[in-house]
Trainee: 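One structure is given below, represented as C-alpha cells, and several questions about it will come after.
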There are 2 protein chains.
Amino acid sequence: MALGKDYVTQECSIARALEVVGERWTLLVVRDAIYGVRRYNDFLVHLGIPRAVLSARLRTLTEEGVLEKRRYQETPPRDEYVVTERGAALWPALRALGQWGREYVDGNRLRSFRHADCGGDVEPYGTCAACGTLVPVADVVMVPGPGLDSAPADPVSRALLRPKRLLEPLETDPVHLAH
Amino acid sequence: MALGKDYVTQECSIARALEVVGERWTLLVVRDAIYGVRRYNDFLVHLGIPRAVLSARLRTLTEEGVLEKRRYQETPPRDEYVVTERGAALWPALRALGQWGREYVDGNRLRSFRHADCGGDVEPYGTCAACGTLVPVADVVMVPGPGLDSAPADPVSRALLRPKRLLEPLETDPVHLAH
DNA sequence: ACCATCGGTTCGTTCACTGAACCTACCGGC
DNA sequence: GCCGGTAGGTTCAGTGAACGAACCGATGGT
C-alpha cells in the first residue's frame with residue numbers, strides 16, 4: 001500500500017520493494033534500526049515522527065519480517081525492535097541512497113562509512129577502498145562528519161556523534177547525564 | 001517535503017536524498033526514466049499514476065536536476081524528459097532496492113540485469129559476476145523474466161518484454177500495430 | 001467537419017499524516 | 001498512600017496529499 005492503492009499493476013521488483021518500505025518514514029526507521037536503535041522512545045525522539053505513525057510502521061515492518069519484536073524485560077513488559085537478516089539486507093539500498101544524498105545534496109558533511117577491519121572508506125558500490133573486499137553490513141562503522149550538530153537535543157543523536165559499528169545496539173546516555 | 005513537513009531535523013544524507021526522491025511514485029518515475037521512458041504519456045500508461053501527480057513529479061524532478069525537459073519537436077510542441085547524470089547516479093540505489101525486492105519479495109521472476117559487454121549477471125553490489133568489473137548504468141541490459149505478463153495492455157510494458165539497454169530511449173509500438 | 005492524440009489543469013472525494021491529548025503499567029521517593 | 005516520571009502505546013480532530021474523472025487547447029488525419 002505504499003503507493004496509491006498499491007503497486008499490483010507494477011511488474012517490477014523495485015515496486016515490490018517499495019510496497020514494503022516505500023511509505024513515508026519507513027526507510028528512516030530501517031536506517032535507525034541498522035544504526036542500532038531498538039526502542040520505541042529512541043526512534044521517537046530521533047526521528048521526530050508522530051507516535052501513531054511510528055506504531056504503524058513498527059507493526060508493518062515486524063509483520064513483513066524486516067524487524068523482530070523481542071521482549072527484553074518482563075516487569076514492566078518492554079519490547080525492543082531488532083533488525084532481522086531481511087532488514088539488514090536493505091543496507092546496500094540505504095547506503096547507495098545515502099551516497100547519492102552525500103554526493104548530490106549535502107556535500108559530504110554528515111556521516112561516512114568505514115570498513116571496521118582495515119579502516120578503509122566504503123565506496124559507492126559497497127566495496128572497501130583500502131582492501132577491496134565487499135564490506136558486509138556488520139563490518140561497517142559509521143563515522144560522524146563535520147556538518148553534524150555538535151550538541152543535539154536528543155540522546156540518540158548524541159550517541160551517534162561517536163563512531164558506531166552498525167547493527168550493534170545503541171547505548172543512549174540516561175537523560176540526567178545530559179545536564 | 002517528502003516526509004512530514006520536511007526532514008530538516010534529520011542530519012542524514014539518506015534523509016536528504018529522500019527529501020528529493022522519497023515521495024510517492026518518485027522513485028518509480030526515475031526507474032522508468034532510466035529504463036528509457038521519456039514521454040509524458042508513456043510514464044502515464046506504464047505507471048498508472050494520476051495525471052496531476054505525474055505532472056507534479058516531473059516538475060520537481062526537473063527542478064532538482066534529476067530529469068531534463070527537452071523539446072524534441074516544434075509543431076505540435078512536444079517535450080521529453082531525459083534522465084541527467086544526477087538522475088542516473090540514482091541507479092545503484094534503485095538496483096539495490098530491486099535486488100532486495102527480487103530476493104525477499106517476488107522470488108526472482110520479473111527482471112534481471114546483465115553486463116552488456118560480457119553478458120554476466122550484475123551482482124547485489126553492482127559488479128559483474130563474469131568479469132568482475134563495476135558495471136556503469138549505461139552498460140547494463142535489462143532482461144525480462146518468466147514472471148512478467150506476456151501480453152500487457154500498455155505499449156511501454158510490451159516494449160519492456162525485450163531485453164533493453166538502460167538509458168537508451170524506449171521505442172513503443174504504435175497502438176495500431178498491437179492488434 | 002469530425003475524431004483522435006498529446007500534454008496537461010481543475011476539482012470533488014477519499015485517505016493518510018500530523019500533533020495533541022489521553023491511557024495503562026510500573027518504579028522511586030516521601 | 002500519593003505524587004511524579006518513564007515507557008509504550010491508542011484515540012481523535014484537522015489538514016494536506018493522492019485519486020480519478022472531467023475538461024481543455026493545439027495539432028494531425030480522413
Side-chain angles (χ1 to χ4, degrees), chain A residues 1-9 18-19 22-29 37-62 67 69-81 154-156 172-179, chain B residues 1-9 18-19 22-29 37-62 67 69-81 154-156 172-179:
Chain A
M1 267 208 304
L3 291 107
K5 1 274 318 257
D6 48 34
Y7 278 161
V8 286
T9 67
L18 290 173
E19 276 285 337
E23 285 181 307
R24 216 124 107 157
W25 295 108
T26 303
L27 276 177
L28 293 188
V29 171
V37 174
R38 298 187 169 184
R39 293 160 69 154
Y40 185 93
N41 216 51
D42 286 346
F43 286 108
L44 195 70
V45 298
H46 187 229
L47 292 171
I49 181 179
R51 303 174 85 91
V53 177
L54 178 59
S55 299
R57 294 297 178 274
L58 291 174
R59 184 168 358 99
T60 64
L61 284 174
T62 302
L67 302 180
K69 190 172 185 171
R70 198 150 73 186
R71 173 116 342 161
Y72 69 92
Q73 86 182 18
E74 286 296 338
T75 57
R78 289 286 181 265
D79 299 315
E80 59 184 3
Y81 297 89
D154 73 279
V156 178
T172 55
D173 302 329
V175 175
H176 62 86
L177 291 182
H179 301 291
Chain B
M1 266 208 304
L3 293 106
K5 0 273 322 258
D6 50 32
Y7 279 159
V8 285
T9 65
L18 289 174
E19 276 285 337
E23 285 181 306
R24 216 124 105 156
W25 296 108
T26 303
L27 276 176
L28 292 187
V29 171
V37 175
R38 297 186 169 185
R39 294 160 67 156
Y40 185 91
N41 216 51
D42 286 346
F43 286 109
L44 194 71
V45 298
H46 188 228
L47 292 172
I49 181 178
R51 289 170 167 276
V53 178
L54 177 59
S55 299
R57 294 297 179 274
L58 291 174
R59 183 170 354 101
T60 62
L61 284 173
T62 302
L67 301 180
K69 190 172 185 170
R70 197 150 73 184
R71 172 103 1 147
Y72 68 93
Q73 85 183 18
E74 286 296 338
T75 59
R78 289 286 180 268
D79 299 315
E80 60 183 3
Y81 297 89
D154 75 279
V156 179
T172 54
D173 303 330
V175 174
H176 61 85
L177 290 181
H179 301 293

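Naming convention: chains lettered A, B, ... in sequence-line order (proteins, then strands); numbering from 1 in each chain. Computed from a predicted model, the values in this text were never measured in an experiment. For the numbers below, each heavy atom of this structure counts, side chains included, while hydrogens, waters and symmetry mates do not.
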Trainee: With sequence neighbours left out, what residues match B:D79 under side chain to side chain donor-acceptor pair (under 3.5 Å)?
Mentor: B:R71
Trainee: Whole angstrom is fine here: how far is it from CG in B:L28 over to C1' in D:dA18?
Mentor: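 Computing the B:L28:CG to D:dA18:C1' distance gives 15 Å.
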Trainee: Test of understanding: with side chain to side chain donor-acceptor pair (under 3.5 Å), list the residues that count as partners of B:N41, not counting sequence neighbours.
Mentor: none
Trainee: I'd like to know if the side chain of A:Q73 and the backbone of A:P76 have a donor-acceptor N/O pair within less than 3.5 Å.
Mentor: yes
Trainee: To the nearest 0.5 Å, how far apart are CG in B:L47 and CG in B:D154?
Mentor: 9.0 Å
Trainee: Can you work out whether A:E74 or A:I49 has the more 5'-proximal nearest nucleotide on DNA chain C?
Mentor: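 Checking each residue's closest nucleotide, the 5'-ward one belongs to A:I49.
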Trainee: Salt bridge (charged side-chain N to carboxylate O under 4.0 Å, His left out): which pairs involve residues 37-50 of chain B, sequence neighbours left out?
Mentor: B:R38-B:E80
Trainee: Is B:V53 touching bases, backbone alone, or none of the nucleic acid, heavy atoms closer than 4.0 Å?
Mentor: sugar-phosphate
Trainee: Rounded to the nearest Å, what distance is computed from the CD atom of residue B:E23 to the P atom of nucleotide C:dA16?
Mentor: 17 Å
Trainee: Do any side-chain nitrogens or oxygens of B:W25 fall under 4.0 Å of OP1 or OP2 in D:dC19?
Mentor: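 Looking at the OP1 and OP2 atoms of D:dC19, one of them is under 4.0 Å from a side-chain N or O of B:W25.
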Trainee: So B:V29 and B:F43, do their side chains get closer than 4.5 Å, heavy atoms only?
Mentor: yes
Trainee: CG of B:L47 versus P of D:dA18: gap in Å, rounded?
Mentor: 14 Å
Trainee: For the pair made of CG in A:L44 and P in D:dT6, what is the distance, rounded to whole Å?
Mentor: 14 Å
Trainee: Which residues satisfy the side chain to side chain donor-acceptor pair (under 3.5 Å) test with A:S55, sequence neighbours excluded?
Mentor: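 Counting only residues at least two positions away or on another chain, A:S55 forms a side chain to side chain donor-acceptor pair (under 3.5 Å) with A:Y40.
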Trainee: Take the protein atom CZ of A:R24 and the nucleotide atom C1' of D:dA18, then report the distance between them rounded to whole Å.
Mentor: 11 Å
Trainee: What N/O pairs connect the protein and nucleotides 7-15 of chain D at under 3.5 Å? Give each pair on its own line.
Mentor:
{"unit_1": "D:dA7", "atom_1": "O4'", "unit_2": "A:R78", "atom_2": "NH2", "d": "3.0"}
{"unit_1": "D:dA7", "atom_1": "O3'", "unit_2": "A:R78", "atom_2": "NE", "d": "3.1"}
{"unit_1": "D:dG8", "atom_1": "OP2", "unit_2": "A:N41", "atom_2": "N", "d": "3.2"}
{"unit_1": "D:dG8", "atom_1": "N7", "unit_2": "A:R51", "atom_2": "NH2", "d": "2.8"}
{"unit_1": "D:dG9", "atom_1": "OP2", "unit_2": "A:Y81", "atom_2": "OH", "d": "2.9"}
{"unit_1": "D:dG9", "atom_1": "N7", "unit_2": "A:R51", "atom_2": "NE", "d": "2.8"}
{"unit_1": "D:dG9", "atom_1": "N7", "unit_2": "A:R51", "atom_2": "NH2", "d": "2.8"}
{"unit_1": "D:dG9", "atom_1": "O6", "unit_2": "A:R51", "atom_2": "NE", "d": "3.0"}

Trainee: Taking the side chain as everything from C-beta on, heavy atoms only, tell me whether A:K69 gets closer than 4.5 Å to A:R59.
Mentor: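 No - every pair of side-chain heavy atoms lies 4.5 Å or more apart.
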Trainee: What nitrogen or oxygen pairs link the protein and nucleotides 27-29 of chain C at under 3.5 Å?
Mentor:
none

Trainee: How long is the straight-line distance from CZ of A:R51 back to CG of A:L44, given to the nearest 0.5 Å?
Mentor: 5.0 Å
